[in-house]
There are 2 protein chains.
Amino acid sequence: MGTRLDIDLDRSSPVPLYFQVAEQIAEAIRSGGLAPGARLDNEILLADRLGLSRPTIRQAIQYLVDKGLLVRKRGVGTQVVHGQVKRSVELTSLYDDLRRAGQEPTTRVLSLRPEPADEEVAAVLAVPSGTEVLRLERVRYAGGEPLALLHNWLPTGLGALTPDALRERGLYELLRAAGVRMRVANQRIGARAATPAEARLLDERRGAPLLTMVRTTYDDQGRAVEHGSHVYRASHYSLEVTLIER
Amino acid sequence: MGTRLDIDLDRSSPVPLYFQVAEQIAEAIRSGGLAPGARLDNEILLADRLGLSRPTIRQAIQYLVDKGLLVRKRGVGTQVVHGQVKRSVELTSLYDDLRRAGQEPTTRVLSLRPEPADEEVAAVLAVPSGTEVLRLERVRYAGGEPLALLHNWLPTGLGALTPDALRERGLYELLRAAGVRMRVANQRIGARAATPAEARLLDERRGAPLLTMVRTTYDDQGRAVEHGSHVYRASHYSLEVTLIER
DNA sequence: CGTCAGTATTTGTCAGGACATTCTGATGTC
DNA sequence: GACATCAGAATGTCCTGACAAATACTGACG
């Protein structure tokens, strides 16, 4: 049964050992070296072969179980899941998604300026009503066609967001680069008909169905770092979510 | 700083100790005994006070961090998150959601019978094309108004699903009661205009925006146990998703 | 030949210890 | 007074060891 798993460990690397193991198992699954349904060697044997302890191996496997790549069963063993999990639960941005799909997204920045927060925005960002917040409005294109109308509010002082930077990269990418560590996001997804203004910007007919998403993202500390209200052309885009129950 | 956390442990219980600890911390957070931003005692002190080892305490805390209730920071400590996380990532069904919101959902079963699977359904359920699968069509009401049109396909032999049972309870609930352990679900969420037939069933105008969801759910073993294609009245319902990044 | 009990295998839980890394705050120096 | 340095505190990683519980297999018995 010993599917030859060649795992190289670098003990001098700052990357934790359990993570090195997890990454290489995940890579073997992605590349097909470990087929769906294949059984992994048992934990003790794996630990022994790699010169690691069982808790370290367990941590690596647990990480992959949480991501939905592996399934464990007491008394049986650990297997690669059958159903192909496309993408794990991630804090994903439209820009990243499009780039991964090879779509070459472009962005037009409609406006980017500080504004006093209204009641609703102040409430979700947990700042006093009337505080200046950065208001951002963009149109996202893919393959030359308009895809979404993006509306964001951010607390001030989160690093330098310039129109130039926003044309070249996604908002999440810029925030991460500025040292913001996003951890939790609440999304509400709905649908409605396009207003005339939206229809014009998105090259749709008036009343065309749009996918709407309202999202608030929190960092490490639970502080709100971004609030967005986006609309997508339903004819050109859909959202994908993978849920994993512990 | 020692917020008095009264944690009772029952070592004779089959419930794991780390889980007992996690549950009681979570309860303290829910009840307000632990306010957002409050710092937990450090792991070593906690372990000492409860007579447990540090790994056990860590496992309990890790469980709550994964659920988005706590935040850890090296060199600092463990805190209760500020942003109120409404609901963790769960395999949730429309029926459960409505009941939790106190809406008293009702269901009308339009059809429930075995049918040969077409290409697409056979592919997602991973059965040979033409195999008999259970096809289920329902209308879900809340507060007397139609809310969604639900369309499901299930492999045969998953327990007795009867129209009567489906009128009284949600599909997920019935599957769980039949011993099905669902673990991973892939959802694709989109929007489109209502067809005349859909508009009639849902009491909407033709062309009204609908929220669409196509979902495949997998069990423990990675076997597909349910495939659904649902449409919701966008004017009456929206989906909520919470994402947590590890 | 079928059923039941026992046994081996494998993951789940828990203990206790050691060192590394990171963040905060205080101390000291220029 | 501002900046750099250092010590303390907390979590992160990793180790060894042990027993419990669930599952699958095997052999004996009816």
Side-chain angles (χ1 to χ4, degrees), chain A residues 1-3 7 9-23 25 37-66 69-81 179 181 183 219-221 246, chain B residues 1-3 7 9-23 25 37-66 69-81 179 181 183 219-221 246:
Chain A
M1 209 53 47
T3 311
I7 294 185
L9 294 178
D10 178 2
R11 293 193 99 99
S12 67
S13 159
V15 178
L17 292 171
Y18 82 89
F19 196 78
Q20 294 184 34
V21 174
E23 285 279 285
I25 292 176
R39 276 232 315 279
L40 255 64
D41 292 321
N42 75 60
E43 298 171 349
I44 297 169
L45 189 68
L46 267 176
D48 212 47
R49 193 152 66 217
L50 296 177
L52 296 172
S53 70
R54 193 178 156 217
T56 302
I57 295 294
R58 275 183 70 76
Q59 197 174 1
I61 293 177
Q62 186 61 47
Y63 177 79
L64 296 175
V65 168
D66 286 344
L69 289 173
L70 295 178
V71 171
R72 290 209 266 210
K73 240 173 139 181
R74 188 189 289 201
V76 180
T78 306
Q79 295 184 358
V80 179
V81 293
R181 286 182 294 189
R183 264 197 57 91
D219 74 356
D220 260 298
Q221 310 280 315
R246 291 188 58 91
Chain B
M1 207 53 47
T3 313
I7 294 184
L9 294 177
D10 179 2
R11 294 193 98 98
S12 67
S13 158
V15 178
L17 292 171
Y18 81 89
F19 195 78
Q20 295 184 33
V21 174
E23 286 278 286
I25 293 177
R39 276 233 315 279
L40 256 64
D41 291 320
N42 74 61
E43 298 171 348
I44 297 169
L45 189 68
L46 267 176
D48 213 47
R49 191 152 67 218
L50 296 176
L52 297 173
S53 70
R54 189 175 161 220
T56 302
I57 295 293
R58 275 184 70 76
Q59 198 174 358
I61 293 177
Q62 185 61 46
Y63 176 79
L64 296 175
V65 168
D66 287 345
L69 288 173
L70 296 178
V71 171
R72 289 210 264 211
K73 242 173 137 184
R74 190 189 289 203
V76 180
T78 306
Q79 294 185 352
V80 180
V81 292
R181 285 180 294 189
R183 263 197 57 90
D219 73 357
D220 259 293
Q221 311 281 312
R246 291 185 60 89

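Just so we're on the same page: letters track the sequence lines, and every chain starts at 1. Computed from a prediction, not measured in an experiment: that's the story for all the values here.
- As a whole-Å value, the separation of B/D10 CG from C/dC14 P is 12 Å.
- Annotation: the span from B/I61 atom CD1 to B/T78 atom OG1 amounts to 4.5 Å, rounded to 0.5 Å.
- At C/dG17, none of the side-chain N or O atoms of B/S53 fall inside 4.0 Å of OP1 or OP2 (strictly under the cut-off).
- Of all the heavy atoms in B/L17 and B/L52, the pair that sits closest is CD1-CD2, 3.7 Å.
- Rounded to a whole Å, the CD atom of B/Q59 is 15 Å from the P atom of C/dG16.
- Atom CD1 of B/I57 and atom C1' of C/dG16 are 14 Å apart (whole Å).
- Sorted by first and then second residue, the side-chain hydrogen bond (donor to acceptor under 3.5 Å, both in side chains) pairs involving residues 11-22 of chain A (not counting sequence neighbours) are A/D10-A/S12.
- Side-chain contact check for A/L70 versus A/V80: some heavy-atom pair is nearer than 4.5 Å.
- Residues satisfying the side chain to side chain contact (heavy atoms under 4.5 Å, CB included) criterion with A/A22, sequence neighbours excluded, are A/A60, A/Y63, A/L64.
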Table of protein N/O atoms under 3.5 Å from nucleotides 6-11 of chain D N/O atoms:
from: D/dA10; atom 1: OP2; to: B/N42; atom 2: ND2; distance (Å): 3.2
from: D/dT11; atom 1: OP1; to: B/T78; atom 2: OG1; distance (Å): 3.1
from: D/dT11; atom 1: OP2; to: B/E43; atom 2: N; distance (Å): 2.9

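- Distance A/L46 CG to C/dT11 C1': 13 Å, rounded to the nearest Å.
- Dashed line: the shortest gap from a side-chain N or O of A/R11 to OP1 or OP2 of D/dT13 is not under 4.0 Å.
- Note: CD (A/Q79) to P (D/dT23) measures 14 Å, nearest angstrom.
- When all heavy atoms of B/D41 and B/L46 are compared, the pair lying nearest together is O-CD1, 3.7 Å.
- Atom C1' of nucleotide C/dT9 and atom CG of A/L45 are separated by 12 Å, given to the nearest angstrom.
- Between B/I57 and B/I44 there is no side-chain heavy-atom pair separated by less than 4.5 Å.
- Contact check for B/L9 versus B/L50: side-chain heavy atoms found under the 4.5 Å cut-off.
- In the region residues 12-20 of chain A, proximity to DNA chain D at under 4.0 angstrom, judged on heavy atoms, holds for A/P16, A/L17, A/Y18.
- The side chain to side chain contact (heavy atoms under 4.5 Å, CB included) check on A/R58 picks up A/E43, A/R54, A/R72, with sequence neighbours excluded.
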